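Remarks on the structure that follows.
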Amino acid sequence: MAANTPRRSHTRDYVIATVLTLLMIGGMLLILHNITDAVNHPLTTLKPRGEEARKIDDLSRLVFGIAGLVFVFVEGGTLFLVYRFRRRHDDVDGEDEPVQVHGRSVLEWTWTAIPALTLAILAAFNVSTLWDLESDAEQAKMSVEVIGQQWWWEFRYDTNNDGKPDIITANQLVIPTKTMVAVKIASNDVIHSFWIPALNGKKDAVPGRVHRIALHADEPGVFEGQCTEYCGLSHGYMRMQVKALSASDYDAWVENQLSGPVEPKDGTLAAEGKTVFDQKCASCHQINGYTPAGEQTDSHEPNPDYGGAEHPLISGNAPNLTHLMSRDHFAGGMFPLYDSYDEAAPKTSAMPDGVANQGELGDWLRDPPNKKPMAADRARGMPNLNLSEDEIGKLVAYLTTLK
Amino acid sequence: MAEVIAVGDLDDTAQVGGAAEAHTPGPEDEFGIHAGHHTNTGISNEKLAMWLFLGSECLLFGGLISTYLLYKNRPGALLFKDAAKGARAGSPVRISELFDIPFTSVSSFVLLASSLTMVFAVLAAARNQESRLRLWLGATAALGAVFVGGQVYEFTSFVKEGLGYTSNVSTSAFYTLTGFHGVHVTLGIIMLLTCLAMTFRARKASPEAVEIVGLYWHFVDVIWILIFTIVYLIP
Amino acid sequence: MAVIEADTTQLALPTAPKPTKPLGIFARPVATKGWKSWLFSVDHKRIGIMYGVASMSFFAIGGSEALLIRTQLARPGQKLLSAALYNQVFTMHGVTMIFLVVMPLFAAFANYLIPLQIGARDVAFPRLNAFSFWCYLFGGLFLNSSWFLGGGADGGWFNYAPNSSVTFSPGHGIDFYTLGLLITGIASTVGAVNLIITVMNLRAPGMTYMRMPVFTWMTFINQFLLLFALPPITVALFLLMFDRLFGANFFNAALGGDPLLWQHLFWLFGHPEVYIMVLPAFGMVSEILPVFSRKPIFGYPFMVASGVAIGFMGFGVWAHHMFASGMGPVSVTAFSLSTMFIAVPTGVKILNWMATIYGGRLKMTAAMMFALALIPLFTIGGLSGVTHAFAPADTQQTDTYYIVAHFHYVLFGGSFFVLLGGFYFWWPKIFGFMLDEKLGKWHFWLTFIGFNLTFGPMHMLGLQGMSRRIFTYSEGQGFDLWNFVATIGAYIIAISVIVFLVNCWVSYRRHKANPVNPGPDPWDARTLEWSIPSPTPEHNFDYVPQIEELDDFWHRKYGHDEQGRPVKIADAADIAQKGDAKNVHLPSPSYWPIVVSAGLPFIAYGLIFNLGWAILGSILLAGGVWGWVIEPSTAPASEHPHDDSGHGDEPDGSADAAAAELPAAEREEAPVG
Amino acid sequence: MITTGSKYFFGLAGAAFIAAVVYGIVTNGVEHGGVVHLLSSDGAVNALLGPITFGYKGGVGDHVGYAILMGFAGGTFGLGVAASAFRDSDAEALAQLDGSEATVVVTPSVMLNAWPFIAGLAATAIVIGLAASPILFLIGCSSLAIVGVEWTIANWAEQRSADAAANRVMRNRLMLPVEVPFGGLFLIGAIVYCFSRVFLAVSKLGAVWVALALAALFFGVAIILNSRPQIRRSLVVGVLVLGAVVVLAVGVAGAVTGPRDFEHHGAQEGAVPAVLTPAVGQEG
Amino acid sequence: MTSITADSETHLEEDHGHPSDAEYWKVGLFLAVLTGLEVSTYWWPKSAHRFAAVVLIIMMVIKFGAVAAYFMHLKFDSAALRRVFMLGLISAVALYMAVLTSMTYWTDSGNAEFVDPPHAKPLPPTPTEPPPSIPAAGGH
Ligand code: HEA
Ligand code: HEA
Ligand code: CUA
Ligand SMILES: [Cu+2]
């Protein structure tokens, strides 16, 4: 295709288009630099901290790279073409007319073939990563059941492999580092999605199905997550964390979880709180070793079918509170349980330490649906139990003992 | 009644404009002009419309049949016959155990026979044999009514046996699929009766209108062929 | 006016071959001015305009909802919208934009342009065409009426089961969603049949398939996509409706129902749907770029073939929306691969457009700028689409703002930009005056900047892990900056929309004050619609043109020299039709389309609230269908004197004579009711 | 164009509508501690919306009175529309239609009218139904309603002009669109219902044979008639009528006999797992 | 509307070889026989069920084809009609086959935990009484 107006030199056009394209690339790199900052972006997908996420990231980098090339070609190309072939003021109608080109099939076949070939090559990486990730879950050494419900997560561990869970906890999943952990994901009501970006991609929790992914953390740390399948009212407030602990810390954690609930000393405020709890809370919330009616049982194994008749929930149960204070956050990972919690540098030990965050807990008990949107009147979420300040004080005192 | 009727909706063409005139002149026109039709393809708009619609209906019934296939053996499908929703009593039974194959076979023959009578109705219309047209249209409609009556009977007896619409996934899927088909047959009967009524009036249904109704009727028959085999017979 | 036509004895003639009187309850509407002429019109141009107006109104609604979303998300922890309301707002935003804005806007252009581009007087079934429109409008109004009747749908636009069941969404919003989409689905199906037949059957002589304008081609393919993609969602909607209204169990996992069935059925529609929303845009770009580059489209056969390929492939990739849903590695692999390769035919289009402008002489009108913007913007969206196609990568991206960025880039940056370009381009043809170019450029730049500011940052938000559909976020998550930028961008888009409205108004006033007819061919364009006066005369073509080649009209204006540069051989004004044909027999207006479609929302209200309404609705529906059936599609010659020969300059004596014989009262009929 | 007559109807409709709304609000207020209280409390919107949205949303107090008033409003509104659509009793319009200067004299027709008779039957049905069966009562009521509409329209149409044929056309234009589809549906419904009752009444195997016989009959008759086009018309009509009567009679007989006993599959009670109780709290 | 006159009808019959009445009867009979065969599979022994399924599907396709080709004239009508219909039919078969196999056969085969059909206990027992309705949902 001959250039149409020989009377002009186009060096300037080329220079300008090139500069613009370079500026564009520069801008992109700057942005990329900014967004790959993991410290200020706890959910970032760009800084993998475990094996699975790294495999995904390797593939993504390749794909982003190729896409980036196409991007620069098309954007730069369009910029250049528009600039270079714009109609100039001194163009004369009827004289400065372009040559009428109807097509060049060689060219067209070429730019059909090149993307097709590129993609065919990429396809190989795609498929191998896909099956690689799939097989990791199969070879995992340990597994945890993850159950999504409106709007929090329950985690069940079966440490003695007797087919019954012996640790039931909520919202903060604890795993050992450098271990491949299979996560079996199920749901008790609607579809949720379990996602810890630093460790792996997401997988939906679909009622009626059990899905599996693997988690593997390189180093101890707390990794933020967020339910990503829209699940109704409080989907936005349905978060979770994975806390990866070194082997010894993990064992300490397990030991603590397997122990029975902390029994408040007689006569303390906490003991009064326990009484209120048995009356008003136990119908939904399990304290290991107690029935929904507040009576003590002989074993302190958690009961997976816990649930009272008085406050039936569509999803079946509410978070197990036996070791509430061993987690950093409560209510779908939303609110800190400790005053000193540092989002940027969370502590990783078997038990978080610091001062219990009585304010947040008290607020929660005062009016849960106000703190977190819930449809408690339709048996989804925690209702406002119209507690008196007195009761709240006692309950908080009790809850904060539940290490 | 001095009312005169025409099958307006089968007559809703822009014959008046556009290509209609354009094709009257012949030589430059490279499109096959076909038996006096004035369209590029030589097919009348209405007939093409019916076929397109039927093509689309394939996907509708495909979806319903797939739903049934997917659900027919789901665990919920094994359970309860219940009289009322919520009261889940009685022994487990599959809906397929209730099928009355002899009766449904008769229904299938009935629909098949109606397809044949429809063919003759279309032929009669094309040959301008008015009384035959009436006869065959009437016979087709009557056979259709027997079929629908049979379906009402079948539904009633299933419900009486305890498997209602809401009993489980497979009954929901079954009633929805066969119900959709039944509604299609009923609409077909209405169309047949309309054509029949029009033979008594000044504005008759054109032979092509009868043919188009026939296409719809045969399609409904064809869908039943699928349903009968897939839902009822395949063990 | 007369309810009874003067000569009733004629009716009684049992053997009359064709009665000369229309036989509705009422006589046919005949108004040519005023609101009645619009309400009962079957003219594809008026219907096209009504589609346009209605969908732009819905755009204001959907856009306002978007502004609510953006305002809520501007800062962390805002409380402008409650969680419940936010969920309704984003759901209705998605539903409105997709079903009530982009799809019908393309229907608007398709309706207006296809008959003109293929040289026809109207679509194949004018009354069905009106019916489509009214179904769409009533369906849209029905959907939006939910705001006043207990709240909008809150399940997200793809409304996954079982979150959409009565247990989890006890209000009526989802019922409005199912029934409303069923009604608009009727509109689309009927419209699809109509347009397919129009293209297949009503092309002007010589207009072979491979001489059709690219826009016609892409719309033609699109109608097939609609025809075959709508039934799956119809099935899904019926199942959900039966679940909700009649207690069926399709999505009740306790009884073996499978939530993935909804996902499959929905995306079986949903994915072709996204191509439904972009193929006509591809067509429009392929019309606008050549005109303002003064070059033919590069590689017409490839453009057509890649469109067909996209259409076919579009049906084979639906489950890429389900990579995280746990459907199993085999399915994931299959759909991941098929999705990747859809980039190939789309890439052909992008590169062919670049080749079209290569070596051209680009006249930067507002229309051209909007069309040109598609290339870079759609490519950004397409490339992020390709990154989704890699299933493992997608598990990090799905349901984050990265997806939101992807689909706004393809939908807004692709489709909507071109639609705006289409307004500037075809405005003179439709309304007979030009839009102001200066304001148009303001409009463009504001939209362009606002758009990129809004949706560009969403890529980053998504990669930083911001989930979509969350009603708020917290301070420590690091989403503050880009969300704020995006909100600013959204308001800039809002301003740009206002600039557009101002442009329409100002240009209209200027035209009123000082009418300047843009002439048949203001842009020196290529396709048939420019060979007739602006605004298009009611009868479109004085005579039906004979087509010799692709871009026939252009080649009548231009020959070429030995280097292949165009050389003017005729003036558009000279070869264009004059639009002065008289007595062209056109399809007559009718009451029935609007009556029949009005029955549908009543039936839907009845199903939700009280069956009494449904009875009223079915009376309207059944009565309307009956009236429709007994009404001939066109009023007989006596009412609309016509000239079948089509040549206005040779008045058909007999028709005129027939008209003259009628009593005066008969001809000046006004509609009743 | 809004004619004088229709203005009257519209006026009535408006008045009745307002009356109904006021009635609805007031009676609602009575139930909820006074209208003012009602309107000032949270329910204000509901209290207003209720009556306006025909009681869908929010409160209407006494439903019977409200429904009667609303019904009246709806009815008169319909009449108003009809009156203006047809320019009833607008002599000028008729004159214009006639193309003459003089106004047309409207002569009441003296045609035979079956409606009173049917109305009588319906009334009887209502009375018997009240005593015997609610279904009969409902049938009576709906027939009476239909008679009401039909009779009114028939009368109205007869006053339209002096031309009886034109009047009939008039009536048909208005009523056929409703009569035909619903009549047709009713007809098909009736036939289908009759067939299904017969199948239900006989034994399971019997149903197969009856269906087969019916189909064979239709098919056979069609074939025979087809091969003998010269058969007298009256004969055919006679056979058809007879057939219809038989179907109806047998159907009614079947319905009256009631369905056969349905054998119950596996009478023993199967254990139903508790988990499978429906998890969905149903509500409309 | 274009009407087929008696003339054009004969023209059609000659040009496209429309079947005669007798042929329609034959096709009808053929279909009836096939249907009879189909029904007979119902009484086949259980061991033959697999085989019966295959036979049934084959017969179903033949019947479908016969009705479409003869009764619906697809065989004799314009190719455009055939294409339009087949497009729908083939897409229906292909797409729904994909859906069904994806949901049953291809399901999470690499996933030992995967259960198909789903668990019997996805949802816990119903609340003893239905949850109270939200006032905003409105009464009737
Ligand atoms: C107009 C609408 C439109 C269009 C055209 C597209 C085009 C594409 N889309 Fe997109 N998509 C949507 C609308 C659209 N999409 C919407 C609305 C959603 C979200 C729905 C929801 O969840 O709410 C979505 C979601 C979506 C997903 C699911 C993401 C998720 O939820 O996890 C995926 C996954 O694969 C995807 C892929 C693609 C691909 C591969 C293309 C391709 O067609 C793009 C092809 C184009 C190019 C690639 C650019 C040009 C090509 C070249 C220059 C050639 C060279 C290129 C290469 C070699 C790579 N899209
Ligand atoms: C074609 C489709 C389309 C278009 C054009 C848009 C346009 C816009 N969209 Fe939308 N969007 C979707 C389709 C579209 N969207 C879909 C499908 C979803 C998914 C929904 C779901 O998850 O279910 C979505 C979701 C979505 C989200 C994610 C919500 C969430 O996940 O929580 C956001 C967030 O920012 C957003 C923003 C916007 C914005 C700011 C615009 C702007 O471009 C809007 C610009 C328009 C205006 C600003 C209107 C201006 C008009 C006036 C000012 C005139 C006013 C005049 C009168 C009232 C007379 N959209
Ligand atoms: Cu749980 Cu979203
Ligand atoms: Cu898609």
Side-chain angles (χ1 to χ4, degrees), chain A residues 1 4 35 40-41 43-46 56 59-60 63 67 70-71 74-75 77-78 81 85-87 94 97-100 102-103 108 111-112 115-116 119 123 126-127 129-130 133-134 190-191 193 197 201-204 206-209 211 226 228-236 343 373 378, chain C residues 83-84 156 160 162-163 168 170 253 259 294-296 298-299 302 324-326 329 333 336-337 340-341 343-344 347-348 351 354 357-364 372 375-376 379 383 386-387 390-393 395-396 399 460 463-465 467 469-472 476 478 560 563-566 568:
Chain A
M1 286 163 281
N4 58 338
I35 63 173
N40 292 316
H41 304 119
L43 284 158
T44 185
T45 62
L46 300 169
I56 296 177
L59 179 68
S60 301
V63 177
V70 179
F71 173 83
V74 174
E75 309 294 310
T78 313
L81 289 176
F85 294 108
R86 73 190 189 279
R87 185 180 190 275
E97 294 284 7
V99 179
Q100 306 288 295
H102 290 270
E108 288 154 63
W111 56 57
T112 311
L119 289 168
N126 182 12
V127 175
T129 312
L130 211 159
L133 290 170
E134 197 65 35
V190 301
I191 305 180
S193 198
K202 48 187 86 71
K203 193 76 141 197
D204 285 1
V206 181
R209 291 169 175 251
H211 297 139
Q226 159 80 43
T228 34
E229 190 62 81
Y230 173 66
C231 53
L233 205 53
S234 233
H235 160 68
E343 305 269 353
R378 300 200 59 95
Chain C
Y160 275 1
N163 191 37
F168 300 108
R294 302 190 64 73
K295 279 182 69 205
F298 188 88
F302 262 74
S325 72
T333 314
S336 183
L337 292 179
M340 289 164 59
F341 286 96
V344 175
V348 170
L351 293 162
M354 289 173 73
I357 57 176
Y358 180 93
R361 204 165 55 114
L362 314 188
K363 196 171 171 209
M364 296 306 229
L372 274 177
I375 301 176
T379 302
L383 290 173
V386 170
T387 62
F390 289 76
T395 60
Q396 288 284 25
D399 278 320
M460 306 162 206
L463 293 175
Q464 286 167 348
S467 248
R469 299 170 161 188
I470 53 176
F471 63 97
T472 188
H560 51 79
Q563 286 143 308
R565 297 169 201 272
K568 191 146 206 157

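For clarity, every value in this text was computed on a predicted model and none was experimentally measured.
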[X] vs [Y] side-chain heavy atoms within contact, under 4.5 Å:
X	Y	result
Phe298(C)	His102(A)	no
Arg378(A)	Pro170(C)	yes
Pro373(A)	Phe471(C)	yes
Ser325(C)	Ile191(A)	no

Q: Please name the residue in the list Arg565(C), Lys295(C), Arg294(C) that meets the side chain to side chain donor-acceptor pair (under 3.5 Å) test with Glu97(A).
A: Arg294(C)
Q: List for me each residue that meets side-chain hydrogen bond (donor to acceptor under 3.5 Å, both in side chains) alongside Thr129(A), sequence neighbours excluded, and say none if there are none.
A: none
Q) Just checking, is any N or O donor in the side chain of Asp399(C) or Ser193(A) under 3.5 Å from an acceptor N or O on the other one? A) no
(Q) Given heavy-atom pairs under 4.5 angstrom as the criterion, report whether the side chain, backbone, both or neither of Leu233(A) touches chain C. (A) both
Q.
Is Leu133(A) in contact with chain C via its backbone, its side chain, both, or neither, using a 4.5 Å heavy-atom distance?
A. side chain
Name the region of [X], side chain, backbone, both or neither, that has any atom closer than 4.5 Å to a heavy atom of chain A.
X	answer
Phe390(C)	both
Lys363(C)	both
Met364(C)	side chain

Q.
Using modelled atom types and a 3.5 Å cut-off, is there a donor and acceptor pairing between side-chain atoms of Gln396(C) and backbone atoms of Pro197(A)?
A. yes
Q: Return yes if some donor-acceptor pair links the side-chain N/O of Lys202(A) with the main-chain N/O of Thr395(C) below 3.5 Å, else return no.
A: yes
Please rank [options] by heavy-atom pairs under 4.5 Å with chain C and give me the top one.
options	result
Ser60(A), Gly103(A), Cys231(A)	Gly103(A)
Ala123(A), Ser234(A), Gly77(A)	Ala123(A)
Asn40(A), Leu119(A), Thr112(A)	Leu119(A)
Asn126(A), Leu43(A), Val63(A), Leu130(A)	Asn126(A)

Any idea which heavy atoms bring [X] and [Y] closest together, and the distance?
X	Y	value
Ile470(C)	Gly236(A)	CG2-CA, 3.4 Å
Pro98(A)	Gly359(C)	CB-O, 3.1 Å
Gly326(C)	Arg209(A)	O-NH1, 3.9 Å

In terms of heavy-atom pairs under 4.5 Å with chain A, which of [options] leads?
options	result
Pro392(C), Gly478(C), Gly299(C), Gly465(C)	Pro392(C)
Ala393(C), Gly347(C), Pro376(C)	Pro376(C)
Thr472(C), Leu463(C), Thr333(C)	Leu463(C)
Val344(C), Leu362(C), Thr387(C)	Leu362(C)

Q.
Using ring centroids (six-membered ring only for Trp), state whether Phe85(A) and Tyr358(C) fall under 6.0 Å.
A. yes
Q | Which residues share a side-chain contact (heavy atoms from CB on, under 4.5 Å) with Val74(A), sequence neighbours left out | A | Val70(A), Thr78(A), Ile350(C), Met354(C), Ile375(C), Thr379(C)
